[in-house]
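Accompanying notes for the structure given below.
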Amino acid sequence: MTTPTVLGRWADSLARDGSRCAVKSGDREVSYRELAGRVAGYQAVFEAIGRPDDPVLLSCADPVEVIAAVLGCMAAGRTFAPVDPRLPAAVLDGVLDALRPGVVVADAGGREALAGRELPDAAGLVSPETVESGAWSAEAWQRAAPEDRGYVYFTSGTTGRPKGIRGSLRAVHHFVDWEIAEFGIGEGTTVSQLTSPGFDAFLRDAFTPLCAGGTVCVNPAGGAPVGEGLARWLTENEVEVLHCVPTLFRTLRSAALTPASFPALRAVLLAGEQLHPADVAWWRGLFGDGKELVNLYGPSETTMTKLFHRTTAEDARARLVPVGRPLPGVAVRVLTGPGDAPDALGEVELEVPFPLLGYLGEEEWRGTAGSYRTGDLGRFRPDGALELYGRRDQQVKVHGVRIDLGEVENALRGHLGVADVCAAAVTEDGSTALVAYVVAPDVADAELRAHAARRLAPGLVPSVFVRMAAIPRTLNGKVERRSLPRVAVRRTAEATEPPQGPEETRIAAIWTEILGLAGVNRDDDFTLLGGDSLAIARLMDRVRYEYQVDLPLRAFLQDPTVAGLASAVTDRLARSGS
């Protein structure tokens, strides 16, 4: 008997009814039969170009082409590595260097990104427009047993270069098989696909419905709709199962939902970030038990979800929402010290029933061939569910007090006026301060500080609050900490005077754009708000462009505040007669 595979299960769906809709994108519907023709075309290309062990790089924006190419790689026994066509040039260079692909499939956006770059020797560049649909046999794919050469997904490494995570198709099948059974996904079930092709969750979103005979529903505009747009998209497409990150899910709070919203929706599965009790309280306040809210957890190194928790009314009142219990065949350990209590905090280790292939190159693997130390801190509740307490590297010390940044963020998120937050320890000249980057336009620093003080132990209350228009995030919604503005720990306490007059207002707007802040006061110091030498250079260029004056740098540095710069510009304009 042939071992079940993703390719085989998809072919089973194809054989049952090839006329059913496989992928829906706005008014466009692609049937299982049409998708099969694309898969056969890609399979023929991959069997004809390069060596079987040369990986295939996929850089396409159209999810239909990515899905077809991935299935074509599975059928041809080729390793596939999907990337987002919007990758920065430097990251793409790192991917090409690490992967050394034998074939590159790139649409218009992907080809534009590759322009001027040398592909590895003998690598073939394939445009989806040139791939012709081919003859196919569902039975042949059902019986096929090509070598499992797996896939590679790239994440940002600690060195700043992309790190390639290798995975097996057995791992993908393990998850898909579980979700289909656990959530009753079957023929005709519509499942959302809002994940960039460059993240492994794309495989979850695409192949869970396709292996069950369901429909993958994608956003034709590219990217994920938010707020009212997301609510409208879910309703119009009658999505039954929504996969997304909590950040995207929270944008629905601005959509004026009612208990009658989303009549087709029955489950929301959230992964990639921490789910908060406030999220559960809001959702259950609208829908009660009618639409499941499920918390998922699992790093890319172990292939998507490895633990899950169906939220309950108790979670809305809890301090933390647990990530729950493991999938079948998965074992979870919390690595604690000798003599520690059963509920002690420690690093989470996962053991899985399929091979873990590690990283490309010489990256150190934190585990064995079947286990992985995640770097996440957790502990078991008395009922056996696992709670997470942030990254091991998010445990910081400020003035001798050990602080979990996730705990600080959770406390601030409990304020109704806080839309988003990220906590960080900032060190300058040997002095360290706890800083909270917040999106809270209508809440004063004093109120945030008092709110935190009521919920956190002494020493855990942020000493500096930095106002942001939005927390910088990666393409899959996770916080991009390296993009947070640098802030001086000696920053002045809460300023009291907003910009005055048209020039100060105009200059303040330029500051907020350059520094990524939601707003500034007239006496804020540019350098203390995080403005480094590059930001100062950008600021002076903008002043020259906006006012058509050549303002000496020393004139700004004598008083690097909004009021000071406005005064210097006004004086310069008066002297030039403008």
Trp282 vs Phe287, ring-ring contact (aromatic ring centres under 6.0 Å, His included): CA-CA, chis, key distance, verdict: CA-CA 9 Å; Trp282 164 67; Phe287 303 113; 7.8 Å; no
Verdict with supporting geometry, Val466 and Val435, side-chain contact (heavy atoms from CB on, under 4.5 Å): CA-CA 7 Å; Val466 179; Val435 177; 3.7 Å; yes
Pair Val439-Val421, side-chain contact (heavy atoms from CB on, under 4.5 Å): steps then yes or no: CA-CA 6 Å; Val439 180; Val421 61; over 6 Å; no
So Leu7 and Gln142, side-chain contact (heavy atoms from CB on, under 4.5 Å) or not? Walk me through it. CA-CA 7 Å; Leu7 178 68; Gln142 288 170 312; over 6 Å; no
Apply side-chain contact (heavy atoms from CB on, under 4.5 Å) to the pair Asp445 and Arg467, showing each step before the final yes or no. CA-CA 9 Å; Asp445 286 7; Arg467 302 302 176 139; 2.5 Å; yes
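In terms of modelled atom types and a separation under 3.5 Å, the side chain of Glu236 and the main chain of Trp233 share no donor-acceptor contact. Side-chain N or O atoms of Lys291 include none that pairs as donor or acceptor with a backbone N or O of Gly288 at under 3.5 Å. Asp84 places no side-chain N or O within 3.5 Å of a backbone atom of Gly198 that could act as its donor or acceptor partner. Between the Glu347 side chain and the Gly375 main chain, a donor and an acceptor come within less than 3.5 Å of each other. No side-chain donor-acceptor contact under 3.5 Å links Asp343 to the backbone of Pro382. With hydrogens and angles disregarded, no donor-acceptor distance shorter than 3.5 Å links the side chain of Ser25 to the backbone of Arg28. The closest donor-acceptor contact from the side chain of Ser196 to the backbone of Phe199 lies at 3.5 Å or more, if one exists at all. Under a 3.5 Å cut-off, the side chain of Thr311 and the backbone N or O of Leu293 do form a donor-acceptor pair. Ser31 contributes a side-chain N or O that, together with a main-chain N or O of Glu34, makes up a donor-acceptor pair within less than 3.5 Å. Listed for the Arg170 side chain is a donor-acceptor partner under 3.5 Å among the backbone atoms of Pro353.
Within 6.0 Å of the CG atom in Leu416, the count of heavy atoms belonging to other residues, nucleotides or ligands does not exceed 12. The neighbour count for Glu238 CD, taken as heavy atoms of other residues, nucleotides or ligands under 6.0 Å away, does not exceed 12. Residue-environment remark: CG (Asp289) stays at or below the threshold of 12 foreign heavy atoms within 6.0 Å.
Using a cut-off of 4.0 Å between Lys/Arg side-chain N and Asp/Glu carboxylate O, Asp177 and Arg9 are scored as salt-bridged. Look at Arg413 and Asp279 and you find no salt bridge, because none of the NZ, NE, NH1 or NH2 atoms lies under 4.0 Å from a carboxylate O. Taking 4.0 Å as the cut-off between side-chain N and carboxylate O, Arg310 and Glu182 count as a salt-bridged pair.
Between Pro85 and Ala61, the shortest heavy-atom contact is CG-N, 3.7 Å. Pairing each heavy atom of Gly214 with each of Tyr32, the nearest pair is O-OH, 2.6 Å. Leu252 and Ala231 get closest at one heavy-atom pair: CD2-N, 3.7 Å. The shortest non-hydrogen separation linking Thr312 to Asp315 is N-OD2, 2.7 Å. Of all non-hydrogen atoms in Val332 and Phe380, the two that sit nearest each other are O-CZ, 3.7 Å. Of all the heavy atoms in Arg449 and Pro462, the pair that sits closest is NE-O, 3.7 Å.
Thr512 contributes atom OG1, which lies 11.0 Å from atom CE of Met468 (distance to the nearest 0.5 angstrom). Of the inter-residue distances, the one linking Cys211 atom SG with Glu179 atom CD reads 11.0 Å to the nearest 0.5 angstrom. For the atom pair Leu434 CG and Leu405 CG, the distance stands at 7.0 Å (nearest 0.5 Å). Residue Leu35 holds its CG atom at 6.5 Å from CG of Leu210, rounded to the nearest 0.5 Å. One distance of note links OH of Tyr42 with CG of Leu71; it measures 11.5 Å at 0.5 Å rounding. Considering CG of Asp205 and SG of Cys217, their distance stands at 11.5 Å, rounded to 0.5 Å.
Judged by distance alone, the side chains of Arg16 and Ser13 do bring a donor and an acceptor atom under 3.5 Å apart. Inspection of the Gln193 and His243 side chains reveals no N or O donor paired with an N or O acceptor under 3.5 Å.
Not a single ring pair (Phe, Tyr, Trp, His ring centres under 6.0 Å) links His309 to another residue, sequence neighbours left out. Judged as a ring pair (Phe, Tyr, Trp, His ring centres under 6.0 Å), and not counting sequence neighbours, the contacts of Tyr153 are Tyr151. Taking His276 as the reference, nothing meets the ring pair (Phe, Tyr, Trp, His ring centres under 6.0 Å) condition, with sequence neighbours excluded. Evaluation of the side chain to side chain donor-acceptor pair (under 3.5 Å) rule for Asn237 yields Lys24 as partners, not counting sequence neighbours.
Counting only heavy atoms from C-beta outward, the side chains of Leu230 and Leu248 approach each other to under 4.5 Å. Side-chain atoms of Phe207 and Ile67, non-hydrogen and from C-beta on, do get closer than 4.5 Å to each other. The closest side-chain heavy-atom distance from Tyr297 to Thr374 is below 4.5 Å. Using a 4.5 Å cut-off on side-chain heavy atoms (C-beta onward), Phe202 and Asp200 make no contact. Under the 4.5 Å side-chain criterion, counting only non-hydrogen atoms from C-beta, Val39 is in contact with Trp141. Side-chain atoms of Val191 and Val216, non-hydrogen and from C-beta on, never get closer than 4.5 Å to each other. Side-chain contact between Leu327 and Leu307 is absent, with no heavy atoms from C-beta onward closer than 4.5 Å. Within the 4.5 Å cutoff, the side chain of Val330 has heavy atoms near those of the His174 side chain.
None of Leu377, Asp376, Leu386 except one satisfies the side-chain contact (heavy atoms from CB on, under 4.5 Å) rule with Val334; the exception is Leu386.
Among pairs with a residue in residues 316-336, those fulfilling side-chain hydrogen bond (donor to acceptor under 3.5 Å, both in side chains) read Arg319-Tyr389, Arg333-Glu349, Arg333-Glu351, at least two apart in sequence or across chains.
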For residues 256-271, tabulate all N or O donor-acceptor pairs below 3.5 Å that involve a side-chain atom, not counting sequence neighbours.
unit_1 : atom_1 : unit_2 : atom_2 : d
Thr258 : OG1    : Ala260 : N      : 3.2
Ser261 : OG     : Thr258 : N      : 2.9
Ser261 : OG     : Thr258 : O      : 3.1
Arg266 : NH1    : Phe183 : O      : 2.8
Arg266 : NH2    : Phe183 : O      : 3.4
Arg266 : NH2    : Gly184 : O      : 3.2

